[in-house]
Amino acid sequence: MAKLVFGMNQSLDGYVDHTAFAPSRTLFRHFIKEAQGQAGSVYGRQMYEVMRYWDDDHPEWDAEQHAFATAWRNQPKWVVSRSLKSVGPNATLVEEDLEGAIRELKAERDGEIEVAGPDLAQSLTELGLIDEYRIYLHPVVLGRGKPYFAGPRPPLRLMTNDRIGEDVIRLTYVPA
């Protein structure tokens, strides 16, 4: 049975915004390894559209960006959306019965499946389907934006904390 993991970069004041701060090279290498080892990813529409950037090669990319793009392209993706009519390569559109689709996915797969996007994570949290939360805490304060938890924070229990690079701490929680 697969484990559903919601993990994102977060500011000290609780916001996620890929345009406001970026991972260091050390953290990016960590994310490459994570992507290479994942059994797949579940995306909401907005996060999927952001991540489609990795579908096409860009001449300015270095070797690590190419490695991440390869890992992202190779893993299966499930995109939860009622507005999209099609999705890109190696992706499956989930239009209805979110709970049933994700329960089936967890039962059929082994390993970790990434959950990408706070709104989707909130829906899956309310359904009791997320097995682990990983907060990559960065030493920045944004003061506004989209919060990591899109709704009420579920009761959580801290399992581990790891320092990644010079300035990021990964906090790993499970539902209490």
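For the residue pair G88 and R52, the shortest heavy atom distance occurs at N-NH1, 3.6 Å. A pairwise comparison of heavy atoms in A150 and P118 identifies CB-O, 3.5 Å as the closest pair. The two residues Y48 and K77 make their nearest non-hydrogen contact at CE1-CD, 4.4 Å. When all heavy atoms of H138 and P23 are compared, the closest pair comes out as CE1-CA, 4.3 Å. Closest approach of A39 and I113 over heavy atoms only: CB-CG1, 4.1 Å. The nearest pair of heavy atoms linking G44 to L120 is N-CD2, 3.5 Å.
Using a 4.5 Å heavy-atom cutoff, the side chains of V42 and L105 are in contact. Within the 4.5 Å cutoff, side-chain heavy atoms of R109 are placed close to those of P76. Side-chain contact between L84 and E95 is absent, with no heavy atoms from C-beta onward closer than 4.5 Å. Two residues are said to be in side-chain contact when any heavy atoms from C-beta on lie closer than 4.5 Å; Q10 and Y15 fail this criterion. Side-chain contact check for V174 versus L156: every heavy-atom pair is 4.5 Å or farther apart. Residues R45 and S83 meet the side-chain proximity criterion, which asks for heavy atoms closer than 4.5 Å.
Between R134 and E112 there is a salt bridge, since a side-chain N of the basic residue sits under 4.0 Å from a carboxylate O of the acidic one. Classification of R144 and D17 as a salt-bridged pair fails, no side-chain N sitting under 4.0 Å from a carboxylate O.
Expressed to the nearest 0.5 Å, how far CG of N161 lies from CD1 of I135 amounts to 12.0 Å. Taking CD from E114 and CE from M8, the interatomic distance works out to 8.5 Å, rounded to the nearest 0.5 Å. The CZ atom of R170 sits 4.5 Å away from atom OG1 of T172, with the distance rounded to the nearest 0.5 Å. For the atom pair CG of L12 and CG of L142, the computed distance is 9.0 Å after rounding to the nearest 0.5 Å. Between K106 atom NZ and R103 atom CZ the span is 7.0 Å, to the nearest 0.5 Å. Here the CG-NE2 distance, from D162 to H30, works out to 8.0 Å after rounding to the nearest 0.5 Å.
A donor-acceptor pair is defined here as one N or O able to donate and one able to accept, closer than 3.5 Å; no such pair exists between the side chain of R25 and the backbone of F28. Here the side chain of N90 pairs a donor or acceptor atom with the backbone of N74 at under 3.5 angstrom. Without hydrogens or angle criteria, H18 side chain to V16 main chain gives no donor-acceptor distance under 3.5 Å. Between the side chain of R73 and the backbone N or O of W54, at least one donor-acceptor pair lies under 3.5 Å. Counting only distance, with no hydrogens or angles, the side chain of R163 and the backbone of G165 share a donor-acceptor pair below 3.5 Å. Judged by distance alone, with hydrogens and angles left aside, the side-chain atoms of Q65 form a donor-acceptor pair with the main-chain N or O of D62 at under 3.5 Å. Distance alone, capped at 3.5 Å, is enough to place a donor-acceptor pair between the D13 side chain and the G143 backbone. Under a 3.5 Å cut-off, the side chain of D131 and the backbone N or O of L4 do form a donor-acceptor pair. With hydrogens and angles ignored, the 3.5 Å screen pairs no side-chain donor or acceptor of K3 with any backbone N or O of I130.
In the hydrophobic cluster analysis, where Ile, Leu, Val, Met, Phe, Trp and Tyr join through side-chain heavy atoms closer than 4.5 angstrom, L124 is grouped together with L93. The hydrophobic clustering, which links ILVMFWY residues whose side-chain heavy atoms are closer than 4.5 Å, places L98 and W78 together. Cluster annotation: I169 and F21 are assigned to distinct hydrophobic clusters (Ile/Leu/Val/Met/Phe/Trp/Tyr, side-chain heavy-atom contacts under 4.5 Å, transitive). Using a 4.5 Å cut-off between side-chain heavy atoms of Ile, Leu, Val, Met, Phe, Trp and Tyr, with links allowed through other members, I164 and F31 fall into the same hydrophobic cluster. The cluster map of Ile, Leu, Val, Met, Phe, Trp and Tyr, joined by side-chain heavy atoms under 4.5 Å apart, puts L129 and V115 in the same cluster.
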Evaluation steps, side-chain contact (heavy atoms from CB on, under 4.5 Å), between K33 and R29: CA-CA 6 Å; K33 288 180 185 172; R29 284 191 294 270; 5.8 Å; no
Could you walk me through whether S11 and V141 pass the side-chain contact (heavy atoms from CB on, under 4.5 Å) test, one step at a time? CA-CA 6 Å; S11 65; V141 175; 6.0 Å; no
Dump the intermediate steps for side-chain contact (heavy atoms from CB on, under 4.5 Å) on L27 and N9, then the final yes or no. CA-CA 10 Å; L27 183 57; N9 293 310; 3.5 Å; yes
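Taking S123 as the reference, nothing meets the side-chain hydrogen bond (donor to acceptor under 3.5 Å, both in side chains) condition, with sequence neighbours excluded.
Screening F149, Y148, Y136 for a ring-ring contact (aromatic ring centres under 6.0 Å, His included) involving F6 leaves a single residue, Y148. Y53 pairs with exactly one of W61, F68, W72 by the ring-ring contact (aromatic ring centres under 6.0 Å, His included) rule, that one being W61.
Residues E126 and Q122 bring a donor and an acceptor atom of their side chains to less than 3.5 Å of each other. For the residue pair S41 / Q75, a side-chain donor-acceptor distance below 3.5 Å is found, with atom types taken as modelled. Between the side chains of Y133 and T125, a donor-acceptor pair is found at a separation under 3.5 Å.
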